[in-house]
**Q** 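I have a structure I would like to understand better, so I am pasting it below and will then ask my questions one at a time.
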Amino acid sequence: MSVARFWRKIPQRYNLIGTRCVACGRYFFPPRSFCPSCRRNGKIIDYQFKGEGTVITYTVIRTASDQFEYATPYVLAIIQLDEGPRLTAQISCPPEEAHIGMRVKKVFRRIGSDGKSGVIHYGTKFVAA
Amino acid sequence: MSVARFWRKIPQRYNLIGTRCVACGRYFFPPRSFCPSCRRNGKIIDYQFKGEGTVITYTVIRTASDQFEYATPYVLAIIQLDEGPRLTAQISCPPEEAHIGMRVKKVFRRIGSDGKSGVIHYGTKFVAA
Amino acid sequence: MKDVAVIGVGCTTFGEKWNHSFRDLFIEAGALALEDANLSGEQIDALFVGNMSAGRFIEQEHIGALIADYAGLATKHIPSTRVEAACASGGLAFRQAITAVASGMSTIVVAAGVEKMTDITPGQTVDTLASAADREWEGFMGATFPGLYAMIAHDYMHRYPLTREQLAQVAVKNHFNGARNPIAQFQQEISIETVLSSSLVADPLRLFDCSPITDGAAAVILAPLEIAKQFTDTPIKVLASAQASDTIALHDRRDISTLDATVEAGKRAFHQAGLTHRDIDLVEVHDCFTIGEICAIEDLGFCTKGEAGQLTEDGVTALHGDLPVNTSGGLKACGHPVGATGIKQIYEVVLQLRGEAGKRQIEAERGMTHNVGGTGATVVIHILGAC
Amino acid sequence: MKDVAVIGVGCTTFGEKWNHSFRDLFIEAGALALEDANLSGEQIDALFVGNMSAGRFIEQEHIGALIADYAGLATKHIPSTRVEAACASGGLAFRQAITAVASGMSTIVVAAGVEKMTDITPGQTVDTLASAADREWEGFMGATFPGLYAMIAHDYMHRYPLTREQLAQVAVKNHFNGARNPIAQFQQEISIETVLSSSLVADPLRLFDCSPITDGAAAVILAPLEIAKQFTDTPIKVLASAQASDTIALHDRRDISTLDATVEAGKRAFHQAGLTHRDIDLVEVHDCFTIGEICAIEDLGFCTKGEAGQLTEDGVTALHGDLPVNTSGGLKACGHPVGATGIKQIYEVVLQLRGEAGKRQIEAERGMTHNVGGTGATVVIHILGAC
Ligand SMILES: [Zn+2]
Ligand SMILES: [Zn+2]
C-alpha cells in the first residue's frame with residue numbers, strides 16, 4: 001500500500017476527527033464534506049469524536065494481506081461511536097475476549113506497515129473501555 | 001512488473017517463435033492462436049522466425065519506467081520481420097546510428113529487470129545486420 | 001426498447017490455469033460462444049467486457065480493446081468497452097450489452113467476463129481483492145475481504161437463528177452441484193465435517209466457507225429477440241435487468257446483515273419482469289462466502305430474514321429442492337474468477353433453461369442471476385426465460 | 001431512440017492537487033454540475049464513471065459505487081457503473097450515459113470522469129500509463145507511452161512534410177488557449193523556442209510535446225431532449241456518438257501514422273449526425289502528444305494526410321482560425337487526468353456552444369470531441385449542437 005495518499009487524512013486517522021452537519025446534526029466518520037441528507041443546504045464542520053463506542057460485530061483475521069500478516073491473529077470490528085457513526089477498526093485484545101456489545105475506547109497505535117518501503121502506518125485502534 | 005506471467009511466453013521471447021496460419025499463409029508475431037482472416041477455418045502452427053528485418057520507425061527513450069531507467073538512453077523500434085509481421089523491440093546500437101530502413105537481426109539479451117524482486121528479464125533485441 | 005435474447009454462450013473450465021494466459025482464456029470462451037450461436041466473428045457489432053482488476057493482476061488496462069484485437073476483430077473496429085464493479089463486473093457487462101441491443105444502437109453484441117488471478121502471489125491477491133471494498137477506511141485498518149463477510153456472519157448469527165452446521169451446508173450443497181458441472185473448479189462432494197474442520201480464515205468463516213482463487217472466462221452473445229431464431233432454436237429471453245448501489249464501506253450500511261442493494265435490485269427486477277417469486281425456477285446467487293448465499297436468498301425475498309439457514313438444512317435450495325440455488329456449484333465450488341462470475345451465472349441459467357445442463361439438469365422455465373460487487377456496494381440482477 | 005441533451009456541466013481545476021484526494025475531486029465536479037443544472041441529487045437515475053487506473057493509482061477498484069456513495073446517493077441505490085478504456089475512459093462513460101438515456105432505461109444520468117495521478121511516484125506513473133498499450137509485447141520491451149507516440153512522429157515525419165517547428169506550434173497554440181482557461185493546469189503562453197529547448201523525452205518528442213501528469217475530475221448531466229428545458233435555458237443536443245477499436249499494439253496497425261479507429265469513428269459520427277466537416281465549428285482532439293493533434297485533424301478528415309502541420313503553422317487551428325482546435329488548451333495545456341479528459345472535452349464544447357467560454361469564446365453552433373485510448377486502440381467521438 002503506497003503511503004502518499006494516506007498522509008492527507010493523518011489528523012483524522014490519529015485523532016478520530018470527523019465531521020458534523022450543523023444543519024441536520026448528523027455526525028460523519030470517516031469525515032465527509034457533503035451531507036447526503038441536506039445536500040446543498042448542509043453545513044459541514046470538523047468534529048473531534050470522544051472516542052468511545054460499542055462493538056456491533058467483529059471477526060478475528062487469521063489470513064491477512066502481506067502488510068498485516070505480522071499481526072495475525074488480530075481482532076477487527078465495526079464499532080458504533082457514541083455520537084452515532086460507525087467505523088472499521090482493530091481492537092487490541094485477545095481474540096477470545098472480543099464480543100458483540102463490548103464497550104471500547106480509542107488508543108493510538110501502529111496499524112500496519114508497507115512491506116516494500118518499510119514505512120509504518122499509525123492510527124486509531126480500540127481497547128476495552 | 002511481476003514475473004509470473006512472463007515465463008509462459010519465454011520460448012517465444014527468447015527464440016522469436018511465433019505462429020503461422022497454414023490456411024492463408026499469414027505469419028503472426030507475437031504468436032496468435034486465432035487467425036482473424038480465416039477464423040474457425042484457420043489452422044495455426046508454431047513458426048520460428050529467421051530473425052531478420054527492417055526498422056519501420058524508432059525512438060530513443062530518455063525517460064523510462066523504474067525498471068528500464070538503468071538502460072536509458074536506449075533505442076526502441078518497430079521492426080518488420082522479413083516474413084511480414086511487425087514487433088516492438090530494442091536495438092543495441094548508439095542512438096545516432098538508428099534510422100528508418102535500417103536492416104537488423106535478432107540477438108539474445110537482457111531486456112529489463114524488476115526493481116523490487118531483482119529478477120532480470122531476457123529476450124530478443126536486435127543489432128545492425 | 002427492443003426485447004433482447006441470449007443466442008449463444010461459452011465458458012472455459014474454471015480453476016488455477018497455470019498454462020493459460022489472460023488472452024488465452026477469453027479467446028477460448030469467445031470462440032465457444034460464437035460456435036454455440038453458429039456465428040463467425042464478422043457479425044459482431046459491439047463487445048462489453050467485465051473485468052475487475054487486470055491492472056493489478058496482470059498490469060494491463062484497456063482490455064476492451066485488447067480482447068477485440070485478440071478475438072480477431074481489430075480490422076472491424078467494433079466498439080469494445082470494459083466495465084468494472086469489482087466482483088459484479090460480469091453482470092454489469094451483460095447489462096450494458098442488453099442496453100446496447102435494447103436501444104437499437106447495436107445488433108449482435110458479446111458480453112464477456114474474464115479474470116486471470118493466479119499470476120500474482122496469494123498475499124498480493126488478498127490485497128487486490130480488498131480494493132473492492134473501501135481501501136482507505138476498511139483495507140487500511142486491516143480488513144480483508146473474507147474478514148468483512150465474517151463480520152456480516154457474526155452480526156447475522158447474533159441476531160438470527162443460523163447454526164454453524166447450516167452455514168456449512170451451503171458449501172456442501174454447492175460442492176454437490178459442482179461435482180456435476182464439468183467446468184467447475186472443484187468436482188468433489190464434501191461433508192459438513194470437511195467445512196467445520198477446515199482452517200479458520202476470519203472467524204466464524206473457515207476455508208471451505210470461502211470461494212477460491214480462480215482463472216476463467218465466460219462469454220454470451222445477445223441479439224434482438226425478433227431475429228434470435230435465425231441463430232438458435234433455443235433463444236433465451238431477457239425478462240429483467242436491474243442494478244443498485246450502496247455504501248462502499250460495510251460499516252456505513254443501514255443494516256450489516258441485509259444487502260439493501262440486493263433488496264432494491266431484486267424488487268426492480270421482479271417489477272420489470274412482472275413476475276413473483278413463485279415464477280422463478282432457479283437462482284444463481286453470489287456465494288463468494290457461505291453467508292453471502294444465506295443473505296441473498298432472504299434479501300431477494302425468497303423467504304423472510306432469518307429463515308434461509310433452516311431452508312438450506314431442509315434441502316429446499318438443493319439441486320432437486322423447491323428452489324434450486326446455485327446449480328452450477330456457485331462461486332464456492334464452480335470457482336470465482338471475479339470478472340467472469342456474472343457471465344458464468346448467465347451461462348448456467350441459459351444451459352438449464354435450454355435443458356443442456358447434463359447431470360445437474362432441473363426442470364426450469366425461468367431463472368434469476370444475482371451478482372454482487374464488494375460487500376454489496378453494487379448488485380446486479382437478471383431474470384431470463386425460455387421462449 | 002430518444003434524443004439526448006446535456007443539461008449541466010462541472011469541472012475541477014486541473015493540476016497537481018496535492019491537497020485533494022480522489023474523493024474530493026469527483027465530489028467537487030459533481031456538485032458543480034448539479035448546481036449548473038439546477039438539480040439536487042435526488043433526481044439522478046444513474047451514474048457512469050470514466051476512470052483508467054484507480055486500481056494502480058490509488059489501489060481502489062469499484063469506484064462506481066464509491067462515487068455514488070460519496071456523492072450522497074447511497075440511500076437512493078442508483079446504478080453506478082465504471083467504464084474503462086485507458087485515456088478514452090471519460091468519452092466512453094459519456095457514451096454509456098447517452099445509451100442509457102436514449103434507450104429510455106434512465107432519465108437523468110451523470111457521466112463523470114476522474115483521475116488522481118499524483119499519489120504515486122513518477123516512475124510508477126510511467127509504468128501505469130504503459131498499461132494502456134500492450135503490456136506484454138510493448139511495455140515488456142521497454143516501450144513507454146511517450147516512446148510509442150514518438151515512433152508515430154518519426155514515421156510521420158519520414159513520410160509527410162512536417163517540420164519540428166510546426167509540431168512545436170501545436171503546443172504553442174494550446175498553451176495560448178490554456179492561458180485563457182481558468183481550469184487549465186498551465187496558464188502561461190509559451191514560444192516555439194520553449195518547446196525546442198525543452199529536454200528530450202523520446203526522440204523526436206520533447207517535454208513540451210507531452211501532456212502533463214494531472215489530477216482532476218469533470219462531470220456532465222444528461223437528460224432526454226424533450227424535458228431538457230425544464231432544467232436549463234441552454235440545453236446542448238447530442239448529435240452523434242461513435243466508438244471504434246483497433247489493435248492494442250501500435251506495431252500491429254495497418255499504418256503507423258494513421259489512427260484507423262479515428263478514421264472509422266469519425267465517419268460513423270458524421271454519418272449519424274448527417275453533417276459534413278464544414279458544419280463543425282470547433283474540435284477538442286486528443287493531443288496527449290503534439291503529434292496526436294496532427295494525426296487527429298487529418299484522420300478526422302479536416303484535411304488530407306500530411307497537411308495538418310502547414311494548417312497549424314498557418315493558424316487555421318488557432319483560437320480564431322477557421323477551425324479552432326482545442327480551445328480548452330487541450331490535454332497539453334489544460335492537463336490530462338486520464339479518465340477525466342473525455343468528459344472535460346464535452347465540458348469545453350458545451351461552454352463554447354452556450355457562449356460561456358470567457359476569454360477564449362469563439363462563435364460556434366456545433367462542436368466535436370475526439371478521445372483516444374492508448375495509442376489508438378479505442379477512439380470515441382461525439383458531436384454536440386446548440387438547440
Ligand atoms: Zn445535514
Ligand atoms: Zn488464416
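Numbered from 1 within each chain, the chains take letters A, B, ... in sequence-line order.
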**Q** For C:Asp69 and D:Ile248, work out which heavy atoms get closest and say how close.
**A**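 Closest approach of C:Asp69 to D:Ile248, heavy atoms only: OD2-N, 2.9 Å.
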**Q** Given heavy-atom pairs under 4.5 angstrom as the criterion, report whether the side chain, backbone, both or neither of C:Arg268 touches chain D.
**A** side chain
**Q** How many angstroms lie between atom OG of C:Ser131 and atom CD1 of D:Ile63, to the nearest 0.5 angstrom?
**A**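 One finds 11.0 Å between OG of C:Ser131 and CD1 of D:Ile63.
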**Q** So D:His77 and C:Lys267, do their side chains get closer than 4.5 Å, heavy atoms only?
**A**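 Heavy-atom side-chain distance check fails, nothing below 4.5 Å.
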**Q** So which of D:Ala74, D:Pro79, D:Ala242, D:Ala65 has the largest heavy-atom pair count under 4.5 angstrom toward chain C?
**A**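 Greatest number of close heavy-atom pairs with chain C: D:Pro79.
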**Q** Counting C-beta onward and ignoring hydrogens, is there a side-chain heavy-atom pair between C:Gln243 and D:Thr81 closer than 4.5 Å?
**A** yes
**Q** Quick one: what part of C:Arg253 sits under 4.5 Å from any heavy atom of chain D, side chain, backbone, both or neither?
**A**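 For C:Arg253, no heavy atom lies under 4.5 Å from chain D.
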**Q** Using heavy-atom distances under 4.5 Å, tell me whether C:Ala85 contacts chain D through its side chain, its backbone, both, or neither.
**A**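 It is both, since atoms from each part get that close.
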**Q** Taking every heavy-atom pair that is under 4.5 Å apart, which of D:Met52, D:Lys76, D:Gln96 has the most such pairs with chain C?
**A** D:Gln96
**Q** Pick whichever of D:His62, D:Arg95, D:Met105 has the most heavy-atom pairs under 4.5 Å with chain C.
**A**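 Among D:His62, D:Arg95, D:Met105, the one with the most close pairs to chain C is D:His62.
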**Q** Name the region of D:Leu92, side chain, backbone, both or neither, that has any atom closer than 4.5 Å to a heavy atom of chain C.
**A** side chain
**Q** So which part of D:Lys2 gets closer than 4.5 Å to some heavy atom of chain C, the side chain, the backbone, both or neither?
**A** neither
**Q** What part of D:Arg23 lies closer than 4.5 angstrom to a heavy atom of chain C: side chain, backbone, both or neither?
**A** side chain
**Q** Pick one of side chain, backbone, both or neither for D:Asn51, based on which atoms fall under 4.5 Å of a heavy atom in chain C.
**A**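 Contact with chain C is absent: no heavy atom of D:Asn51 under 4.5 Å.
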**Q** Answer with side chain, backbone, both or neither: which region of D:Ala93 has an atom nearer than 4.5 Å to a non-hydrogen atom of chain C?
**A**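 For D:Ala93, no heavy atom lies under 4.5 Å from chain C.
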**Q** For chain D, find which of C:Asp260, C:Asp134, C:Val379 contributes the most heavy-atom pairs closer than 4.5 angstrom.
**A** C:Asp134
**Q** For the side chain to side chain donor-acceptor pair (under 3.5 Å) test, which of D:Gln60, D:Glu61, D:Glu59 pairs with C:Arg135?
**A** D:Glu59
**Q** Can you tell which of D:Arg82, D:Arg56, D:Arg254 has the highest number of heavy-atom pairs within less than 4.5 Å of chain C?
**A** D:Arg82
**Q** Where on D:Glu84 is there a heavy atom nearer than 4.5 Å to chain C: the side chain, the backbone, both, or neither?
**A**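 Contact with chain C involves both backbone and side-chain atoms of D:Glu84.
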**Q** Quick check on the interface: out of C:Leu47, C:Leu73, C:Thr75, C:Thr247, who has the most heavy-atom pairs with chain D under 4.5 Å?
**A** C:Thr247
